[in-house]
There are 2 protein chains.
Amino acid sequence: MESRNVPKSSVTVRELIRTNYTSLTPSERKFAQALLDNYPSAGLTSITAAARNANVSVPTVARMINKLGFTGYPPFHHALLQELEAKALGPTERRAKWASEAPETHQLNRFTETVMRNLEQTFANIDSAQFDAAVKAMAETSSHLYVVGGRITQSLATYAFTHFQAVREHTTHMTSVSATWPHYVLDMQKGDVLLVFDIRRYDAGLMRLAEQATREGVQVVLITDQWTSPVADWADYTFNCWVEIPSAWDSNVATMLLLEAMIAAIQEENWPRARARYDRLEDLFDRMNLFRRS
Amino acid sequence: MESRNVPKSSVTVRELIRTNYTSLTPSERKFAQALLDNYPSAGLTSITAAARNANVSVPTVARMINKLGFTGYPPFHHALLQELEAKALGPTERRAKWASEAPETHQLNRFTETVMRNLEQTFANIDSAQFDAAVKAMAETSSHLYVVGGRITQSLATYAFTHFQAVREHTTHMTSVSATWPHYVLDMQKGDVLLVFDIRRYDAGLMRLAEQATREGVQVVLITDQWTSPVADWADYTFNCWVEIPSAWDSNVATMLLLEAMIAAIQEENWPRARARYDRLEDLFDRMNLFRRS
DNA sequence: TCGATTGTGTCAAATTATTTTCAGGCGGTT
DNA sequence: AACCGCCTGAAAATAATTTGACACAATCGA
């Protein structure tokens, strides 16, 4: 990793930051983020101004730049300028495309644009009080947490389960085979929580499951699309995710973001315990020799 | 005439040069040309370097800048930088103010903010030519497409598989049980494609799998994190996703977005066939009475 | 809890950039 | 031909940036 990172003309500063990111200290990363957030403008001023804008000290910037392989700030500044010129942002009035070198009309950009709009809608519509309440319920480790998904959202449920499992005990992933659901309901108790994913092509079975669970005194948290699954009738907390994209299927990026936000919040809610579990997990991985130490 | 040349924020330096051009001396014009030829890069260095590049003296530049209405070189430099920043608007740049009603400091907003930054970084680092090439390889229906993931990314692999299956034939999801992988490799043929997800806590088995697949003449597409999995050594196409969040685990929102963009692109690549498959799928759902018509 | 290590900001010296001053040079006019 | 106005770059004075040394703070491991 630390192999010589002499900045060749063909290597962008962005790439240098990426390849050296692991060797950067927290405040160096802070500066790196500030630079990448406003690339390359943030690096085209004096080191003094650049440091001030990132809220770090000047030497921190200088040290980071050395780590990147530059001999000083001026060479770094010069490298950024070279990139800028190479992008041909200069002579012609060509539109600046700093976020991605792909052209405006490239499907990658069009797609991203649409998804961004979905994220916007999704988060503009979340009620934070409801979010907090749902998180609190799901963080309660004395009761059981069940996770279930539909056809497409099954993998989201798996993802949720994998992380919940690391954060808290008493978590169960209900398979997508609806025939097995009654078995799970059998064990549900008052105060338990059921997290349901239901994105369109709503699953009728999920509604019946939610109904039965509610009757058992279980709190239901529903993550659905903008049109709202019928499961909402039995849900205590409902969250709508905007999923529409110009395609035959739906985008679940917003769903994923909401889910991760919930996991993060739950982790925060009972941190000491979660931390202990993570440490234990790491230890178990080591013992079982499953992953390379990176 | 000179009195009204106070550089307002909305007036570009370019315009200032044009309106004041007649009042410029020969060598001042020489510098003006050099600046316009390489706009705005030529003005984003020190006055010394800028003057040298235009083959004029430093005072000449200083005088010209005064004529344009600036009080010195630094304000001029700053104005150019502002213009540059104002132009840099990418697909992910819209995040500006769509926070939910929750307060700035609510964890929901803080989390979202971080993820947005990851999305930005991810897409700024994608090479569109590479993306196109990888998509083309994966869209080739005459060869087989294999999908495999690691511990956490297993669910992403499942998600990918579910969608690929709808879009094209000959798709196989390799389970995360590495003991079964040799069986799959047995069937791999030259020209087939293997899509690998490997986010940190890299899986050593995945690397060996990629190595063997490569030896069989299979093209490997890798989706990894910003630090790059060792699988990259055997991959024909590598895509880095920014995954770091202030937490014990990694965010896969960016990974999901990239994956969906790929699915969308593949669908686009051979639309008629994909469309026929979707219609057929809908029909089958109806016949099997699996989902409520919504 | 205590060292050892690592990270981070303050400070000051050295360097470099910016501004100002000034003198030479070039055309055009008397 | 000599004078005058203006343009231009050299050089000095001033202001700023850059960088290395140092000390304090935070973190980690024993």
Side-chain angles (χ1 to χ4, degrees), chain A residues 1-2 7 13 17 20-35 41-81 271-272 275-276 278-280 282-283 286 293-294, chain B residues 1-2 7 13 17 20-35 41-81 244 246-248:
Chain A
M1 261 300 158
E2 353 284 53
V13 171
I17 291 177
N20 292 66
Y21 198 78
T22 45
S23 69
L24 298 184
T25 67
S27 28
E28 284 169 356
R29 291 182 187 195
K30 196 169 163 192
F31 173 73
Q33 283 298 344
L35 174 58
S41 321
L44 291 173
T45 53
S46 65
I47 191 174
T48 318
R52 192 177 45 241
N53 290 336
N55 271 311
V56 297
S57 71
V58 169
T60 299
V61 176
R63 279 186 289 256
M64 192 202 96
I65 284 161
N66 283 335
K67 277 190 189 170
L68 258 42
F70 295 96
T71 56
Y73 187 81
F76 164 78
H77 185 280
H78 187 248
L80 281 176
L81 211 58
W271 175 234
R275 154 134 221 194
Y278 274 115
D279 288 347
R280 185 98 200 290
E282 286 295 318
D283 186 50
D286 281 351
R293 269 259 166 238
S294 56
Chain B
M1 187 192 267
E2 349 294 68
V13 171
I17 291 176
N20 294 66
Y21 200 75
T22 48
S23 70
L24 298 182
T25 69
S27 41
E28 283 168 358
R29 292 181 184 193
K30 195 171 165 187
F31 172 73
Q33 282 302 338
L35 174 57
S41 322
L44 291 173
T45 53
S46 66
I47 190 173
T48 318
R52 191 176 47 241
N53 289 336
N55 271 312
V56 295
S57 70
V58 169
T60 299
V61 176
R63 278 186 292 259
M64 192 202 95
I65 282 162
N66 283 335
K67 278 190 189 170
L68 259 43
F70 295 99
T71 56
Y73 187 81
F76 165 78
H77 185 278
H78 188 247
L80 282 175
L81 214 56
E244 198 168 47
S247 153

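Chain naming here is simple, since letters A, B, ... match the order of the sequence lines and numbering starts at 1 in each. Because the structure is a prediction, the values reported are computed rather than measured. Worth knowing before you read on, the calculation uses all heavy atoms, side chains too, and leaves out hydrogens, waters and symmetry mates.
Proximity of B:Leu80 to A:Leu44: side-chain heavy atoms (C-beta onward) are nowhere separated by under 4.5 Å. For the pair B:Thr60 and B:Arg63, the minimum side-chain heavy-atom distance is below 4.5 Å. Counting only heavy atoms from C-beta outward, the side chains of A:Ile65 and A:His77 never approach each other to under 4.5 Å.
Distance alone, capped at 3.5 Å, places no donor-acceptor pair between the A:Asn53 side chain and the A:Ala42 backbone.
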Any protein N or O atoms within reach of nucleotides 12-18 of chain C? Criterion: under 3.5 Å, listing atom names and distances.
| residue | atom | partner | partner atom | Å |
| --- | --- | --- | --- | --- |
| C:dT18 | OP2 | B:Ile47 | N | 2.5 |
| C:dT18 | OP2 | B:Thr48 | N | 3.4 |

With the criterion being N/O to N/O and under 3.5 Å, what pairs connect the protein with nucleotides 6-13 of chain D, and how long is each?
| residue | atom | partner | partner atom | Å |
| --- | --- | --- | --- | --- |
| D:dT8 | OP1 | B:Ser27 | N | 2.9 |
| D:dT8 | OP1 | B:Ser27 | OG | 2.9 |
| D:dT8 | OP2 | B:Thr25 | OG1 | 2.4 |
| D:dT8 | OP2 | B:Ser27 | OG | 2.7 |
| D:dT8 | O5' | B:Ser27 | OG | 2.7 |
| D:dG9 | OP2 | B:Ser57 | N | 3.4 |
| D:dG9 | OP2 | B:Ser57 | OG | 3.2 |
| D:dG9 | OP2 | B:Thr60 | OG1 | 3.1 |
| D:dG9 | N7 | B:Arg63 | NH2 | 3.4 |
| D:dG9 | O6 | B:Arg63 | NH1 | 3.4 |

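Going from atom CE of A:Met64 over to atom C1' of D:dT19 covers 16 Å, rounded to whole Å. In this entry the distance linking CG of A:Asn66 with P of C:dG7 reads 15 Å, nearest Å. Between the NE2 atom of B:His77 and the C1' atom of D:dA16 there is a distance of 14 Å, given to the nearest Å.
Between B:Thr45 and B:Ala50, the shortest heavy-atom contact is OG1-N, 3.5 Å. B:Pro75 approaches B:Thr71 most closely through the heavy-atom pair CG-OG1, 3.4 Å.
Between A:Phe76 and A:Phe70, the ring-plane angle classifies as perpendicular under the 30° and 60° cut-offs.
Legend: residues meeting side-chain contact (heavy atoms from CB on, under 4.5 Å) with A:Ala34, ordered by chain and number and at least two apart, are A:Ala54.
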